[in-house]
Each structure stands twice: as C-alpha cells, then as structure tokens.
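For reference, the structure is listed below as structure tokens.
Quick note on labels: first sequence line is chain A, next is B, and so on, each numbered from 1.
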Amino acid sequence: MSQSSVKENLDVILYRRRRAKEIRYCLYAILFLLVLWSIKVTIIKDTDWDRIGGLGSVIRGVGRFFPPDLSIVQYLFKPTVETFMIAFLGTMLAIILAIPVVWFGAHNITPSLPITYPIGRSIMTLSRSVHEVVWALIFVSAVGLGAFPGILAVSMRSIGFISKVTAESIEDVDARSLEAIKAVGGNKLQIIFYGIIPQVIPVFIGNAIFQWDINIRRATIMGLVGAGGLGLTLERQLLMYNHQGVTTVILAILVIITIGEVISYYARKAVI
Amino acid sequence: MKLDELESINSSQNTVKSNPTLSITSPQKTWSRFKYPQSLIRYVIYLIVFVFIVYSLEYLNVPLGRFFTMFGRLGDMIANRYYPPDISYTLQKDYLRYVLETLQMGYLGTLFGILFSIPISWFASFNVTPSRRFAYPVGRFIIMACRSVHEMIWTIIFVIVLGFGMFPGVIALTMFSIGFAGKLFSEEIEAIKLGQIEAIRSTGANPIQVFLYAVLPQVRVAWAGISIYTWDSAFRAATVLGYFGAGGMGWYLKETVERLETLKVSAILLTIISLVVVSEVGSAWARNKISKMK
C-alpha cells in the first residue's frame, strides 16, 4: 500500500523532472535558432564582404594604425589634462546633484511616498538608461560647444548609479540607531543627519570614486560629439585620415585610464 | 551649567581610561572622532580637492553663468523645437527593422564577448590561472585594454578597418563585453573556495578539468546574472553605436541630427529611452530570479 504510493510519488517527481528537462532543451534550441538567425541577418547578409576582402586586406587595414605617430605627442598634453578635469568636475557635480535624488528615492526617508519617491526613482532610471553620447548631444545643443556640455553629460550619466546604490544602502541601514535617536527626541532631519548619513557616507564616497574612474573613460569620447577633451583630438586625427595618430591618442587614453584606476584603487581603500 | 560639568567629568574619565598620564596635565580634553594628524590630513585633502575644482574651472574656461540660464534654454528648446515628437516616423517599417537589428547586434556582441571572456577570465584570475607568470598578465592586459577603450572608439576603429554595417558593431560590442564581463567574471572566480579545486586536482585532473568541474559549478549562477547585466549594458551601447557608422538605430539618430530634423530626433530618443528602460526592468527581474536560485 505504502510502497505503491511511494512509487506513484516517485513517478510524479520523475515525470516533472523530465518535463522540466524537455522545456529547458526546447529553450536552448530556440536560443540557438535565434543566434543563427541573428548571425544570418547581421553578419552574413548585411556585411559587404567584397569590401572587407580576404584576411590579407584586413591585416593591411589594421596595419594602417601602426606604428603610432609620435609627432603629435606634444599636442596631447593639454587635451589629456582637459579630459581628466572633465571627469573630475563631472563627478563633483554628480555628487552634489545626487544628494537630493538620493533623498527622494530612498524608500524610508523620502519626504512623501506617493509624490517624491517616483520622481527620485525615475530620475535614477532615466540618467542610467540614456547613453552618455545622447546626453552630450542634448547638452551640446543646449549650452554650446566646449568642455561645459561634456561635464554636464558625464555628471548626468553618473547621477543614476551613485544615487541608486546609495539609496539602496540607505534602505537597509541599521534601524536600531535610528530608533535610539528617535527615543531621545530627534526629529526627522536629525535622524537623517545623525543616524543615516554617518552610516552611508563610505558607500557614497566609494561609489563616487568608482564613478570618477569610469567617467575618465566616458570623458574620452565626449569630444567626438563636440564637447572637449581627448575625443576632439581623436576626431581631428580621424578627419585627417591620420590613422597612426589615432593609435597615439588611444595610447594616451590607456595611460590616463591606468593612472585613474591606480588613484581610485588607493582612494577607495583609504575611504572604506 | 550642569550639563557642562557632566561633560567635563565624562571627558576626564575618558582620558583617564585611555591615557592616565595625560589626564593629570589636561583634564579638559574633549573627545573628537579623528585625532590630530588624521584630522589635519582630512582638511588638507578637502583643500586640495577644492583648489583643484577652482583651478580646473579656470583652466577649462567653464562659463558657470550659463549653468543657470541653461535650464531656461533647455526648456525653450524642448518646447519649441523638439515637441511634439514625430512618432509616425518611428513606426515606419524600415525603422522597426533597424530596431530589431539593434537588438540582434547587442545580442550577438554579448554572446561572443561572454564566450571569449570565459577563458580570458580563467587566465586572469590569480587563484586558478594556469600559469601565473604568462597567462595571468596576458589575461589581465586583454581585459584592461578592452575596458579602457570606450566602445565608441572600438566602433570607429572597426568601421575604419571593416567598413560600415552591423559586423563592426558586433565586434565592437564583443570587445566591450570582454572588458565588462571579463572583469566581473574573474572577480567572481577569485572569491571561490579553493577546497573543491584541491579535491579535483588530487584526483589527477588536468587544468581544463579542474576549471570545468571545480571552478565552473561554483560561479555558474553568479555568471548567469553577470551575463544578463552585460547584455543590458551592451544593448544600451548598441542603440547609439550606429552614430559612429555601425548599423542600428544610432544610424538614424546621426542622420536626423545632422539634418537638424529635431522632431524626428526626439522621437528616436524616445524609442531609445523606452527600449532601454524595458530592457533594464527585464534584466533586473531576471537577475533577481537568478539570485534567488542560489
């Protein structure tokens, strides 16, 4: 009696397992077909294989980038410093602008849940979802050419990340210390200042430094759409078909990013 | 008055506990979180940051006055030139085909990138790398180079070498995904438990078998989440890759921007934003589900 019921249960379990397996294999097959279809559309049909030619012409195409044109090194110093500064100022602006967004977008400290919370959240999503090139295009048409739209674009892009991570860490802040402040009669503002800010400030600063590191990378392409920095030099070399100069600019980008990574590593170590 | 007394007693007790010799000479010592050299260093850092901000504002010639007039101008511009967005333009069959192609480009680029970054991240994680002297620096360098060069610069390079179209876009996204996923993958490998590796190795397995049976099962779930995140970011990049000559929606963006057809530009931007938001919500949902499977 009991043995047959055990056997029935076993059958049910085995049947379910088989079903799950079948479904999974079906999914894999669909994914595989999707990949094949995409390869057919994007790589086989869309590409002009005659233009690419054989392997030899590709290698010749790559060869045009070498050796790097070292004669433009002397003109690279100023744009490199500019890129560095765009990233730095953009991050600073993002830090300032992120504070109200964090305040609005954190579930437990937002001033009013139905109004400000959705505003904060949607600013975070919008800032993260729009690519920095698009931000730069918008700001170039709003404030004109130069480093300023680059700074604005870089900062708009990094507000989202900084404020999202900080708001998440505010949401799971240690509630006991907030209760202690409430117990001695602190009002809402005092709770934020003495209970929440000391707990989340390392997260906030750490993420800001991390974003600064990424912002250097973003600042290098701002020049391609009209905001200054190394991208402008790159664009100029491209327009002159000086591909060897392009390699030099990319080497300069590698150097500046390595420096930024080293600085951010030690700065984050010092903060956390 | 009473509070003051209490505080002074408190502080003197504190100093007695921490430093009995000092308390005799200076009983009024107040408590502060940062002691003398640290507090000085902090203020010096603040000062350096501030001076650097001012100096770079000066160096870059930033017209700060424009910052506040900017909002008015931005509002004007959006109200007069970018509104109403020309939605019917984005509903054309050609454009929708390009949207689909953008999706495929992002998908393929991520797929190739992840396939490449599996061996590269194996090489580039210090604890399981096949040889610390050769494979580790090579793997690190590949990830570093792919990460430092922005995806738009990769696109430009591949467009120069391979010509316009989807193919250079796919390769640029592959490079982007190697840098993005490779770093996160190798960080994940470096955090695994070494016991399993030793166990598999002691049965006489070669390095590939160690990777397949000891490393991969431990990082599988985390890698799935990272892959979805990579796909999300790569799709975000794919929407504008066309601006520099690779195919997809970015190509339409460039065309309309250069013709100053602002109503169409705003419609295209709206589709980009809505698609990216949809993909982000989807990827957040999927990542949540995967992290629960752990």
Side-chain angles (χ1 to χ4, degrees), chain A residues 34-35 37-39 41-43 45-48 51-52 58 61-62 64-65 81-82 84-86 88-89 92 125-126 128-134 137-139 141-144 146-148 150-152 216-218 220-221 224-225 228 231 234 238 243 246 249-250 253-254 256-258 261, chain B residues 49 52-53 55-57 59-64 66-67 69-70 73-74 77 81 100-101 103-105 107-108 111 144-145 147-153 156-157 160-170 236-237 239-240 243-244 247 250 253 257 262 265 269 272-273 276-277 279-281:
Chain A
L34 257 176
V35 171
W37 178 53
S38 319
I39 288 177
V41 170
T42 59
I43 297 183
K45 252 169 72 186
D46 187 71
T47 314
D48 186 1
R51 152 85 169 70
I52 296 173
V58 171
V62 175
R64 265 183 294 164
F65 287 93
V81 174
E82 256 179 41
F84 209 71
M85 284 174 170
I86 289 174
F88 179 75
L89 288 178
M92 282 292 152
T125 315
L126 189 71
R128 265 153 37 91
S129 60
V130 180
H131 198 270
E132 55 261 32
V133 172
V134 177
L137 283 171
I138 292 173
F139 284 117
S141 57
V143 297
F148 192 39
I151 294 168
L152 290 174
I216 296 178
R217 199 159 307 158
R218 288 178 184 148
T220 54
I221 58 145
L224 292 173
V225 285
L234 189 75
L238 279 173
H243 294 143
V246 172
V249 177
I250 289 171
I253 290 174
L254 278 179
I256 186 181
I257 282 168
T258 313
E261 222 155 75
Chain B
V49 167
F52 193 67
I53 289 175
Y55 176 69
S56 28
L57 283 176
Y59 187 87
L60 294 176
N61 271 328
V62 175
L64 275 185
R66 278 202 212 162
F67 183 73
T69 58
M70 175 190 89
R73 214 159 350 138
L74 208 60
M77 197 179 79
R81 282 198 278 154
L100 194 66
E101 287 189 350
L103 268 168
Q104 290 172 331
M105 195 164 76
Y107 184 70
L108 277 185
L111 189 76
M144 201 3 231
R147 236 167 73 83
S148 342
V149 177
H150 198 275
E151 62 261 27
M152 298 304 147
I153 298 175
I156 292 170
I157 294 172
I160 292 172
V161 175
L162 300 172
F164 295 109
M166 295 290 198
F167 190 42
V170 170
R236 200 172 305 170
T239 53
V240 280
Y243 198 86
F244 300 104
L253 187 69
V257 164
T262 46
V265 171
L269 286 183
I272 288 179
I273 291 171
V276 170
V277 168
S279 90
E280 197 178 311
V281 171

Nearest 0.5 angstrom please: A:Leu89 CG to B:Leu57 CG, how far? 5.0 Å
Answer with side chain, backbone, both or neither: which region of A:Val35 has an atom nearer than 4.5 Å to a non-hydrogen atom of chain B? both
Per-residue contact mode, A:Val249 against chain B (heavy atom under 4.5 angstrom): neither
Would you indicate whether the side-chain heavy atoms of A:Ile257 and B:Arg147 approach each other to under 4.5 Å? no
Taking atom CD1 of B:Ile156 and atom CD1 of A:Ile221, what is their separation to the nearest 0.5 Å? 8.5 Å
Step by step, would you call B:Ile273 with A:Val134 a side chain to side chain contact (heavy atoms under 4.5 Å, CB included)? CA-CA 10 Å; B:Ile273 291 171; A:Val134 177; over 6 Å; no
Identify which of B:Val149, B:Ile157, B:Val170 forms the greatest number of heavy-atom pairs closer than 4.5 Å to chain A. B:Ile157
Heavy-atom cut-off 4.5 Å, strictly under: side chain, backbone, both or neither for A:Ile216 against chain B? neither
Contact origin within B:Leu103 toward chain A - heavy atom pairs under 4.5 Å: neither
For a quick test of reading the model, state the closest non-hydrogen atom pair linking B:Ser148 to A:Leu254 and the distance between them. OG-CD2, 3.5 Å
Taking side chain as everything from C-beta outward and backbone as N, CA, C, O, which of these in B:Phe244 sits under 4.5 Å from a heavy atom of chain A? Side chain, backbone, both or neither. side chain
Side chains of B:Ile272 and A:Val130: closer than 4.5 Å at any heavy-atom pair? no
So what's closer than 4.5 Å to chain B heavy atoms on A:Leu234: side chain, backbone, both or neither? side chain
Here the gap from B:Leu100 atom CG to A:Trp37 atom CH2, rounded to the nearest 0.5 Å, amounts to 4.5 Å
Name the region of A:Val133, side chain, backbone, both or neither, that has any atom closer than 4.5 Å to a heavy atom of chain B. side chain
Measure the spacing between CD of B:Glu151 and CZ of A:Arg217 and express it to the nearest 0.5 Å. 10.0 Å
Residue B:Val265 versus chain A: region with a heavy atom under 4.5 Å: neither
Side chains of A:Ile253 and B:His150: closer than 4.5 Å at any heavy-atom pair? no
Just verifying a value: how many Å separate A:Glu82 CD and B:Tyr59 OH, rounded to the nearest 0.5 Å? 6.0 Å
Atom pair CZ/CZ of A:Phe84 and B:Phe52 - distance to nearest 0.5 Å: 6.0 Å
Below 4.5 Å from any heavy atom of chain A, which atoms of B:Ile53 appear? Answer side chain, backbone, both or neither. both
Toward chain B, the part of A:Leu137 with a non-hydrogen atom under 4.5 Å: side chain
Less than 4.5 Å apart, any side-chain heavy atom of A:Leu238 and any of B:Ile160? yes
When you compare the side chain of A:Leu224 with that of B:Tyr243, does any pair of heavy atoms fall below 4.5 Å? no
